[in-house]
Amino acid sequence: MYSVRLWAARHARFFEVIYRIFEPVIVKLHPLWKSVGYQRAEKPVGMLEKLSKGLLFDCKMCGQCILSSTGMSCPMNCPKTMRNGPCGGVRANGNCEVKPEMKCVWVEAWEGSQKMKGGEQIQVVQLPVDHSQKGSSSWLRVARRASDLKQQEYKGDSK
Amino acid sequence: MSFNDGADDCNPVSRKPGYSSAGRLERVLRTGHFAVTAELAPPDSANPEEVYARARVFDGYVDGMNATDGSGANCHMSSVAMCALLSRVGYETVMQISCRDKNRLAIQGDVLGGAALGINNILCLTGDGVQVGDHPEAKPVFDLDSISLLETVARLRDKNEFCSGRKISDPPRVFLGAAENPFVPPYDFRPHRLAKKIAAGAQFIQTQYCFDLPRFRTFMDRSRDLGLLEKCFILPGVGPLASARTAVWMRNNVPGIHIPDAVIKRLEGAKDQKKEGQKICIELIQQLREIEGVSGVHVMAHRQEDTVAEIIEKSGVLDERQLWSPSSDEVLRRNRA
């Protein structure tokens, strides 16, 4: 919902704190995801993610969530799906070129990032989005990646 | 013109060590000259003569011509074809690529094809939304954005690989550009966005129309503080306004254009508004040249292309430079014979 999404970006710092607590939990649950099977966990976890983030951020389930790098304003709501910053067509009042009644997603993002502790993440170049990940859970992706990294480190140490 | 390394402008140039391209634009910028580029409107036609006729009006006054890629989301001849036609004759072109109409497969194919056809410069853009153009019913693609596009082309050139990681044998030797618009919100983010563009591979920047000098100065000051001005060449966009009415129309209908009221008032008060528009443009070019970190100007004279030569001439920014044109090849050949 549009008004909830604006509210969420205004409270970017709060959601940053929440996510900082939430991410390690998701990662720690790796044994659970593994025993259930990441494939089978995909459906319920994805559903939960879609419901909660959909309500708060108008999440489009791109599968590669970068909310922490975009001031808690989902860039996939930009009509040009820009993931690296605003286009040059932003209106003088800060609204979108394509949808004049909507505030530019990146104006929100910039304001949100200024409230966050890790706001400078907005300066990181985002690579082209992987469209094959669309609809999948970013949370499980994060958990899997973290455990993969851990394993690699472990292998590296044992060598 | 000739360069201090012995190469003259009339010879086909070869790529110098440390240079990204074999192009004239990169050479002019790197040797510290004040560069002039101009926007070339593509024809709604399949006749190559129309392309050449449009290019000829700039002869001797520009270092490169931007071939737009469906600018304003209107359909025209493609930028890759325009550039290919022009580089056959020896013109220096900047191929614009917009993310609106093509996905990463099509874009990377055009980059390789364009470089094979002799294109030396590529300008990476996101592109206007389809709703402003003549085909509002079209599907907007936006698979990449301007910054991931820059990264993609830089990867092709510097790492010899596609987005997918698959290798290519010969990389496209191109000088990479991007656009910036310091005149629209979020203002504080704009210099950081420039930093992102540079990090992604931008080597030169052409900006949206600059009519608001104080705002541009602020942007340049911030960019200088971030250490960005040593890392890329900045060419602010300029152009003559035909009348106060056109200015108001542009401000209200073209996305991203900011024209201060003072400029419109000045046009309204003038006897000959068209002449006044040109005068404003000349003054702006001269004032922009004085700003530290400005390496040239990009002239966008939509439907007034015939006035560009006079504007550049009167602004005096070319100094003593003799710019290349197809006829200068003739002159050189005659002199040699």
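Convention: sequence-line order gives letters A, B, ...; per-chain numbering from 1.
- Across B:Ser148, B:Ala179, B:Pro182, the residue that shares the most heavy-atom pairs under 4.5 angstrom with chain A is B:Ser148.
- The choice from B:Thr152, B:Val132, B:Asp128, B:Val254 that makes the most heavy-atom pairs within less than 4.5 Å of chain A is B:Asp128.
- Proximity of B:Glu151 to A:Leu127: side-chain heavy atoms (C-beta onward) are separated by under 4.5 Å at one or more points.
- Of the inter-residue distances, the one linking A:Ile122 atom CD1 with B:His192 atom NE2 reads 9.5 Å to the nearest 0.5 angstrom.
- Looking at heavy atoms from C-beta onward, B:Asp143 lies out of side-chain contact with A:Pro128 at the 4.5 angstrom threshold.
- B:Arg100 does not touch chain A: none of its heavy atoms, backbone or side chain, sits under 4.5 Å away.
- Contact tally against chain A (heavy-atom pairs below 4.5 Å) for B:Lys197, B:Arg190, B:Arg155: the top residue is B:Arg190.
- The environment of B:Arg224 atom CZ is dense: over 12 non-hydrogen atoms of other residues, nucleotides or ligands sit within 6.0 angstrom.
- Within 6.0 Å of NZ on A:Lys50 lie no more than 12 heavy atoms contributed by other residues, nucleotides or ligands.
- Heavy-atom pairs under 4.5 Å with chain A were tallied for B:Asp188, B:Leu149, B:Leu144; the largest tally goes to B:Asp188.
- Of residues 73-106 of chain A, those residues lying under 4.5 Å from chain B by any heavy-atom pair are A:Pro79, A:Lys80, A:Thr81, A:Met82, A:Arg83, A:Asn84, A:Gly85, A:Pro86, A:Cys87, A:Gly88, A:Gly89, A:Val90, A:Arg91, A:Ala92, A:Gly94, A:Glu97, A:Val98, A:Trp106.
- By the 6.0 Å contact criterion, NZ on A:Lys117 is open, its count of non-hydrogen atoms from other residues, nucleotides or ligands being 12 or less.
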